[in-house]
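Reading through the structure tokens given below for one structure.
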Amino acid sequence: YPLLVFLHGHGEQERQWIDAVPNLSRRNYICIGLRGVRSVVRPDGETGYSWGGSRRCDAMIEEYVLSAVQETMRVCHVHSERIFLAGFCEGASVAYQLGLSFPDKFAGIVALNGWVPPGPWALKTSTGEEGPGVFVGHGMQNQRVPMDRAKQAYQLLMAAGLNVTLRLYPSDHAICPMMLRDVDRWVIGECHRRFESPSF
């Protein structure tokens, strides 16, 4: 099966994504939701989690995510070349960084209502192989992360030669059902595009 690794937004926790999975698919993937490494106080006074104050992942986060992937592969039937990172807001920034830094480990990046953190990036493998596919989804009424950030990400990654899909939605700063339906189709399409015999 393909594996989707979910990275939540600032002040949230892994349930932000896991609660959305039934709207994504009930049968096509193995999914794991990871919790940010730092606790933060939300505006409502509750505790949430973050991936770091700089909005960039460091070696500790890299090790955490890669170890979680390895552990999942140890106990579940995961196709090693069908591993996708899916991030929302701050989590999208981490997904971009990990996916672009380790293009040999991840088949694709799903970035919803997020942004590409400052580079530089090794956007392709040293052997010239295809880099990860990228799905960029963004709410047009998003007041927290302007829509221009999604368009900038699209232009940057297209210029780097990556296969990028951009979708804009009549929503705000949220994970909406239309996004998840498109993500479902995109991931399946990427598996078909990149590999000759998808096992669904």
Side-chain angles (χ1 to χ4, degrees), residues 3-24 29-72 83-103 105-106 108-123 132 134-154 156-157 169 171-177 179-180 183:
L3 171 65
L4 270 63
V5 181
F6 295 125
L7 308 170
H8 62 75
H10 183 80
E12 300 292 338
Q13 56 178 294
E14 64 275 19
R15 292 225 61 88
Q16 180 185 43
W17 268 110
I18 296 303
D19 289 343
V21 166
N23 291 315
L24 177 68
Y29 321 109
I30 294 170
C31 303
I32 59 173
L34 302 183
R35 177 178 289 182
V37 297
R38 297 179 183 160
S39 61
V40 296
V41 178
R42 295 159 44 102
D44 60 8
E46 297 293 322
T47 299
Y49 298 90
S50 168
W51 298 98
S54 66
R55 304 296 200 270
R56 289 177 59 87
C57 67
D58 54 22
M60 179 179 68
I61 295 174
E62 291 176 359
E63 178 62 25
Y64 169 44
V65 174
L66 295 176
S67 294
V69 168
Q70 288 298 318
E71 178 64 16
T72 304
I83 300 172
F84 294 81
L85 294 163
F88 175 79
C89 189
E90 181 185 47
S93 182
V94 175
Y96 276 131
Q97 183 168 356
L98 284 170
L100 299 176
S101 297
F102 298 97
K105 296 186 182 299
F106 299 105
I109 300 164
V110 174
L112 303 183
N113 288 313
W115 62 91
V116 175
W121 304 109
L123 294 177
V134 183
F135 179 92
V136 180
H138 211 89
M140 292 184 287
Q141 281 80 51
N142 191 334
Q143 299 297 312
R144 293 179 58 184
V145 183
M147 187 171 57
D148 285 349
R149 302 295 293 274
K151 294 179 178 179
Q152 290 167 5
Y154 175 77
L156 172 67
L157 300 173
Y169 301 90
S171 63
D172 56 11
H173 191 69
I175 301 173
C176 68
M179 284 180 179
L180 296 175
V183 168

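Only a predicted model underlies this, so the values are computations on that prediction, with no experimental measurement involved.
Within 6.0 Å of the CZ atom in Arg144, the count of heavy atoms belonging to other residues, nucleotides or ligands does not exceed 12.
Residues forming a side chain to side chain donor-acceptor pair (under 3.5 Å) with Tyr49 (at least two apart in sequence, or on another chain): Arg35. With sequence neighbours excluded, the residues satisfying side chain to side chain donor-acceptor pair (under 3.5 Å) with Arg15 are Asp19. With sequence neighbours left out, Gln152 forms a side chain to side chain donor-acceptor pair (under 3.5 Å) with no residue at all.
Shown here for Tyr29 and Val183, the closest heavy-atom pair between the two residues is OH-O, 4.5 Å. Heavy-atom minimum distance, Pro117 versus Tyr96: CD-CB, 4.0 Å. Here the closest non-hydrogen pair linking Val136 and Ala150 is CG1-CB, 3.8 Å. Smallest separation of non-hydrogen atoms from Leu34 and Ala68: CD2-CB, 3.8 Å. For the residue pair Thr47 and Ser39, the shortest heavy atom distance occurs at CG2-CB, 4.1 Å. Closest approach of Ile109 to Pro132, counting heavy atoms only: CD1-CG, 4.1 Å.
Note that CD of Gln141 and CE of Met147 are 8.5 Å apart. Values are rounded to the nearest 0.5 Å. To the nearest 0.5 Å, the span separating CD on Gln97 from CZ on Phe102 amounts to 9.0 Å. With rounding to the nearest 0.5 angstrom, the CD1 atom of Ile32 is 8.5 Å from the CG atom of Leu7. Annotation: the span from Leu98 atom CG to Tyr64 atom OH amounts to 12.0 Å, rounded to 0.5 Å. One distance of note links CD of Gln13 with CD of Glu46; it measures 10.0 Å at 0.5 Å rounding. Separating the OG1 atom in Thr72 from the CG atom in Leu4 is a distance of 11.5 Å, to the nearest 0.5 Å.
With Arg42 contributing its side chain and Gly11 its backbone, the two residues share a donor-acceptor pair below 3.5 Å. At distances below 3.5 Å, not a single donor-acceptor pair connects side-chain atoms of Asn113 with backbone N or O atoms of Val145.
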*asked:* Please evaluate residues Met179 and Phe135 with respect to the criterion side chain to side chain contact (heavy atoms under 4.5 Å, CB included), reporting the C-alpha separation (whole Å), side-chain torsions for both, the decisive distance (0.1 Å), and the verdict.
replied: CA-CA 10 Å; Met179 284 180 179; Phe135 179 92; 5.7 Å; no
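Using a 4.5 Å heavy-atom cutoff, the side chains of Leu66 and Phe106 are in contact. Side-chain contact between Cys89 and Glu12: absent, with no pair of heavy atoms (C-beta onward) separated by less than 4.5 Å.
Inspection of the Ser67 and Glu63 side chains reveals an N or O donor paired with an N or O acceptor under 3.5 Å.
Aromatic pair His8/Trp51: ring centres closer than 6.0 Å.
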